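Reviewing the structure listed below.
The structure displayed is predicted, hence computed values, not measured ones.
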Amino acid sequence: MTDTPSAAAGAIRVFHIEPGSVRELPELPAAPPARGFFWIACTRPAFGASLPRLQTVLQATAGLQLVDLHVSDLLNAQLPSHYDYTSQYDVLVFRRLTATQCATAVPPGAGQAAALDSRGGPPVLRRIDTSPVGFAVFDQVLLTVHPEDCTVRDAFAARLLAPPQPVAAASASAGSMGLHQPPGLAASQAGASETAARDLRNAPVANGRLPASPADLMLRVVNLIVDNYLDLRRELSRQLDHWQAELLKPRARFANWSALLDARLTLHQLDEICEDQRAAVQDWVDTLETWTPPDTMAALRELDLLKVRSRDVLEHIERVVHHVRRLEQSTETAVQMHFSVQSNRTNDIMRTLTALTAVFLPLNLIAGIFGMNFEFIPLVHKQDGFWWAMGSMTVIAVALIALFWRKRYLARTGQH
């Protein structure tokens, strides 16, 4: 059973998640929940403006407040992905990779990660935003800090508040998309089926289960952030394939080297960001292994499911890292192939010129001999001497051309 939220979406949204139900609270809670846990989701400006009030709420609901250094981490919009913990709560900062409608202005004094917002290259690279999302995980409270334009919070909240869909019906609906369909229609629906399967995996009510703990909810939100990048793979690959095609055109003169270098630099920075993401989640996974095993079987099962979900998120991040590295290597390979093609073209030209020069060398020799200032030279004073000289020169030229053609000195490198 899921309750309809009574409060409109704002800078700070509060959800009470219990076993079997979710409701959005109209105001911040003043006491710890009797069952379940609270999810306090706010934008970064709202977190900074309402920090004293939020610290009071955390003191009332979780029994402690955030450390000043962790508050600075959550407020820092340029912090790389990392994980930290105390004996009472955990903090995870995870940089998102998502497409925005327009480029974000780089604030003065921004670091290297913010340079992604002013990069060149393909348009899709200029639209990838890497703002961090912060998570503070308490026993009964999850505090998340999002960028102002972050759609992850509202998208996941909509899934939480949506009526649950039976898994059997959803699976049957997804499976029926490819059955008894014409081949063309089935192929066109393959992408929709894959997207539906991923949504079913990320859905908060998948298998009829809501998030069982703040850590479980954090991992589901992180997984949604990672999958948002996976949605960009096709567009990003298409853009870079276009650049590779431009680089490999044999007769084209590529001049947009500054944009290409910007694209390579951007991909390298994306690789660094993905590595930070993987390191942060790996630290979280390592910390899970140090948790004391619970006494009850139900709690032990929840811990095992939490470890499984953590490893699943880590596997998704590794897929992103692999894809970014593959794009970076493909771009580097395309540049090398471009210079290889240009080198082959230069070699073809030089080989042709060398062969033509070799053809005319004996002709120049004959012309030079008959141009000497001697009084007696064979064939000079004969009536048909000129035609003998021209005939011999023609025979020599044709023979050399035939020889060079047979040895493929005059043939161009085939373009396949």
Parallel, tilted or perpendicular: which fits the ring planes of W39 and F156, with parallel below 30° and perpendicular above 60°? perpendicular
Just wondering, more than 12 heavy atoms not from R326 lying within 6.0 Å of its CZ? yes
Charged N to carboxylate O under 4.0 angstrom, D216 versus R309? yes
Listed partners of Y89 passing ring-ring contact (aromatic ring centres under 6.0 Å, His included), at least two apart: H70, F138
Kindly say whether R95 contributes a backbone atom to a donor-acceptor pair with the side chain of Q277 at under 3.5 angstrom? yes
Return yes if some donor-acceptor pair links the side-chain N/O of N347 with the main-chain N/O of S343 below 3.5 Å, else return no. yes
What I want to find out is whether E318 reaches R325 closely enough, with some N-O distance under 4.0 Å, to be called a salt bridge. no
Are L224 and R220 close enough, and set up right, to give a side chain to side chain contact (heavy atoms under 4.5 Å, CB included), and what steps lead you there? CA-CA 6 Å; L224 181 61; R220 298 192 187 200; over 6 Å; no
Output, in order, the C-alpha distance, side-chain angles, deciding distance and verdict of side chain to side chain contact (heavy atoms under 4.5 Å, CB included) for Y83 and D90. CA-CA 8 Å; Y83 168 75; D90 302 275; 2.4 Å; yes
Please examine the side chains of K307 and E289, heavy atoms only from C-beta on, and report whether any two atoms are closer than 4.5 Å. yes
Are V93 and V133 close enough, and set up right, to give a side chain to side chain contact (heavy atoms under 4.5 Å, CB included), and what steps lead you there? CA-CA 6 Å; V93 176; V133 179; over 6 Å; no
One pair to check against salt bridge (charged side-chain N to carboxylate O under 4.0 Å, His left out): R44 and E148. What are the steps and the verdict? CA-CA 7 Å; R44 185 166 287 107; E148 279 191 288; over 6 Å; no
Would you find a donor on one side and an acceptor on the other, under 3.5 Å apart, between the side chain of S21 and the backbone of I17? no
Given side chain to side chain contact (heavy atoms under 4.5 Å, CB included), test H82 with D73 step by step and report yes or no. CA-CA 10 Å; H82 79 285; D73 290 345; 3.4 Å; yes
